[in-house]
Amino acid sequence: MIRHCKPIGRHGTRRVGLLLFTLYAGSAFAQTAEPPNVSTSMLLQTVLALILVIGILFLAAFLLRKLNGGRGFGSSGPLRVVGGLVIGTRERIVLVEIGDTWIVVGLVPGQIRTLHTLPKGDLKPAGDGERHFAQWLKQITERKNEGG
């Protein structure tokens with residue numbers, strides 16, 4: 001293998017020297033490269049553009065909410081959750097309104113079951129209504145336990 005290599009002559013030494021100089025100069029330039037100059041006006045412009053984009057997002061969300069009648073997203077259809085009661089750590093009972101009907105639904109992990117169906121009624125104020133719902137639910141549960 002050594003027999004096939006040409007001896008480095010006078011011109012070969014120059015090429016190697018030129019190659020080493022180029023590598024050294026490139027590394028020296030890379031070490032002395034300064035970070036790009038960021039002016040205060042450029043930074044201020046970026047921050048203002050970011051504030052403008054965030055403002056547009058909030059304005060769009062506000063307008064969409066106003067167009068939806070002040071309700072949150074996902075409650076515009078015929079289905080509405082009227083109330084709910086937490087029974088256990090993962091068990092809930094929810095009152096769902098569909099048209100003129102209320103459906104009492106039991107929710108447990110992995111299962112949803114209709115407990116009772118009744119015509120739509122009037123809701124009392126929040127504090128009294130929750131207590132009434134709890135009493136009504138207790139009566140329903142007691143009746144169900146007596147029957148089954």
List the steps, then state whether side-chain contact (heavy atoms from CB on, under 4.5 Å) holds for F62 with L67. CA-CA 9 Å; F62 175 76; L67 290 175; over 6 Å; no

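Separating the NE2 atom in H116 from the CZ atom in R143 is a distance of 7.0 Å, to the nearest 0.5 Å. With values rounded to the nearest 0.5 angstrom, E142 atom CD is found 7.5 Å from Q139 atom CD.
Through side-chain heavy atoms spaced under 4.5 Å, either directly or across other Ile, Leu, Val, Met, Phe, Trp or Tyr residues, V86 is tied to no other residue.
Linking Ile, Leu, Val, Met, Phe, Trp and Tyr residues whenever their side-chain heavy atoms come within less than 4.5 Å leaves L48 and I56 in two separate clusters. Following chains of ILVMFWY side-chain contacts shorter than 4.5 Å, one can reach F58 starting from L50, so the two form part of one hydrophobic cluster.
Q45 CD: 12 or fewer foreign heavy atoms inside a 6.0 Å radius. For CG of L59, the number of neighbouring non-hydrogen atoms (other residues, nucleotides, ligands) closer than 6.0 Å is greater than 12.
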Please list every donor-acceptor pair under 3.5 Å in which a side-chain atom of residues 94-110 meets a protein atom from a residue at least two apart or in another chain.
from, atom 1, to, atom 2, distance (Å)
E97, OE1, R80, NH2, 2.9
E97, OE1, W102, NE1, 3.3
E97, OE2, K120, NZ, 3.4

